[in-house]
Amino acid sequence: MSEVLPGEVRQIGYVVTDLDDAISGWLRMGVGPWFVIRNLPQRVRYRGDPCEVKLSLALSNSGDLQVELIQQLDDTPSIFTEFLAGAPAGGFHQLAYWTADFDKAMAKLAEAGWPLVWSGGEAEGVRFAYFEPPTGAAIVEIMELTESSGGMGAYVREQAVTWDGSDPVRELGG
């Protein structure tokens with residue numbers, strides 16, 4: 001177990017240029033159902049400065065591992081446009097860890113000297129932060145595990161476990 005990171009990888013994230021096309025590809029690999037939120041405004045700090053982007057995202061599980069697909073819908077400079085500048089087709093972007101002690105995780109990463117590049121969620125009640133790690137992924141995300149975020153994670157996992165192939169894309173409010 002890492003002395004810096006809280007626990008195990010809980011989610012892998014992909015930056016995509018076409019959310020529906022990406023979902024279709026994952027469905028062909030047997031991963032589903034997908035829970036989709038479209039046109040989600042996100043107010044964050046990007047490399048220390050205020051930033052607002054509009055995203056669509058989708059969540060599903062393969063076993064205990066959650067998969068997140070993220071499509072930025074505007075061209076505001078962000079951690080996602082940065083990634084797409086080097087990988088125009090999109091691809092694997094982040095490993096995410098979930099923690100009930102967000103402040104402790106943030107302190108450990110600051111002490112380790114990992115650059116904080118994207119953070120937010122305070123207004124929505126689930127804090128998150130993206131760091132540039134020394135190896136392994138473009139980004140490591142730390143997400144606060146609350147009753148709400150934990151409940152959603154458990155729900156998405158349970159739906160994947162019992163999924164019979166029907167209703168593969170489930171739209172959620174954004």
Side-chain angles (χ1 to χ4, degrees), residues 8-46 50-84 87-100 102 118-130 137-174:
E8 61 192 37
V9 173
R10 299 298 303 270
Q11 181 193 77
I12 55 175
Y14 291 82
V15 173
V16 301
T17 58
D18 183 320
L19 188 67
D20 294 309
D21 186 54
I23 290 170
S24 292
W26 282 91
L27 287 169
R28 286 191 297 276
M29 293 189 292
V31 177
W34 286 90
F35 294 86
V36 179
I37 301 172
R38 297 187 191 273
N39 301 306
L40 178 69
Q42 191 174 66
R43 290 185 179 98
V44 298
R45 296 196 68 77
Y46 169 49
C51 176
E52 186 170 343
V53 296
K54 189 171 281 190
L55 307 173
S56 287
L57 58 89
L59 300 170
S60 189
N61 265 61
S62 180
D64 288 333
L65 186 64
Q66 188 175 85
V67 179
E68 179 180 37
L69 306 175
I70 304 163
Q71 179 184 0
Q72 184 171 325
L73 302 174
D74 58 33
D75 60 0
T76 303
S78 73
I79 202 67
F80 308 116
T81 59
E82 228 179 72
F83 179 78
L84 289 170
F92 170 66
H93 183 250
Q94 71 210 37
L95 298 173
Y97 296 78
W98 301 347
T99 179
F102 187 80
W118 187 258
S119 61
E122 293 84 3
E124 296 79 16
V126 178
R127 297 176 292 173
F128 58 87
Y130 286 20
I139 297 293
V140 165
E141 177 186 5
I142 305 299
M143 187 180 83
E144 186 173 29
L145 190 58
T146 65
E147 186 176 324
S148 172
S149 63
M152 182 63 176
Y155 179 76
V156 171
R157 183 189 182 287
E158 179 60 29
Q159 292 301 301
V161 167
T162 60
W163 186 49
D164 63 5
S166 63
D167 195 16
V169 178
R170 302 168 188 189
E171 302 280 339
L172 303 175

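Here the CD atom belonging to Gln66 is positioned 8.5 Å from the CZ atom belonging to Arg10, to the nearest 0.5 angstrom. Atom CD of Gln159 sits about 9.0 Å away from atom CG of Asp167, to the nearest 0.5 Å. Distance check: Leu40 CG to Glu124 CD gives 8.0 Å after rounding to the nearest 0.5 Å. In this structure, Asp75 CG and Leu84 CG are separated by 11.5 Å, a value rounded to the nearest 0.5 Å. Interatomic distance, Trp163 CH2 to Leu27 CG, rounded to the nearest 0.5 Å: 5.0 Å. Here the CG-CG distance, from Asp74 to Asn39, works out to 10.5 Å after rounding to the nearest 0.5 Å.
Taking the six-membered ring for Trp and thresholds of 30 and 60 degrees, His93 and Phe80 have ring planes inclined between 30 and 60 degrees apart. Between Tyr130 and Trp118, the angle of the ring planes lies from 30° to 60°, which puts this pair in the tilted group.
Smallest separation of non-hydrogen atoms from Leu145 and Gly150: CD1-CA, 3.6 Å. Pairing each heavy atom of Ser78 with each of Thr81, the nearest pair is N-OG1, 2.8 Å. Between Pro77 and Cys51, the shortest heavy-atom contact is O-SG, 3.6 Å. Among all heavy-atom pairs drawn from Met152 and Leu172, the shortest one is CE-CD1, 3.5 Å. Residues Gly90 and Phe83 approach most closely at C-CE2, 3.9 Å, considering heavy atoms. Considering all non-hydrogen atoms of both residues, Gly153 and Trp98 come closest at CA-CH2, 4.3 Å.
Within the 3.5 Å criterion, the main-chain N or O of Glu144 finds no donor-acceptor partner in the side chain of Thr99. Side-chain atoms of Gln72 never come within 3.5 Å of backbone atoms of Leu55 as a donor-acceptor pair (strictly under, hydrogens ignored). Ser62 places no side-chain N or O within donor-acceptor distance of the main-chain N or O of Leu65, the cut-off being under 3.5 Å.
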Test side-chain hydrogen bond (donor to acceptor under 3.5 Å, both in side chains) applied to Gln94 and Glu68, step by step: CA-CA 9 Å; Gln94 71 210 37; Glu68 179 180 37; 3.2 Å; yes
Stepwise side chain to side chain contact (heavy atoms under 4.5 Å, CB included) check, Glu82 with Val15: CA-CA 11 Å; Glu82 228 179 72; Val15 173; over 6 Å; no
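Side-chain atoms of Arg45 and Pro50, non-hydrogen and from C-beta on, do get closer than 4.5 Å to each other. Side-chain atoms of Tyr97 and Val9, non-hydrogen and from C-beta on, do get closer than 4.5 Å to each other. Side-chain contact between Val156 and Gln11 is absent, with no heavy-atom pair separated by less than 4.5 Å. A heavy-atom distance below 4.5 Å is found between the side chains of Val126 and Met143. When side chains are defined from C-beta on, Trp34 counts as touching Leu69, because their heavy atoms get closer than 4.5 Å. Under the 4.5 Å side-chain criterion, counting only non-hydrogen atoms from C-beta, Ser56 is in contact with Leu73. Asp21 places none of its side-chain heavy atoms less than 4.5 Å from the side chain of Val16. Here the side chains of Glu8 and Asp64 are not in contact, with every heavy-atom distance at 4.5 Å or above.
For the side chain to side chain contact (heavy atoms under 4.5 Å, CB included) with Ile23, the lone residue among Val31, Val36, Asp18 that qualifies is Val36.
The residues Arg43 and Glu52 are annotated as salt-bridged, a charged nitrogen and a carboxylate oxygen being separated by less than 4.0 angstrom.
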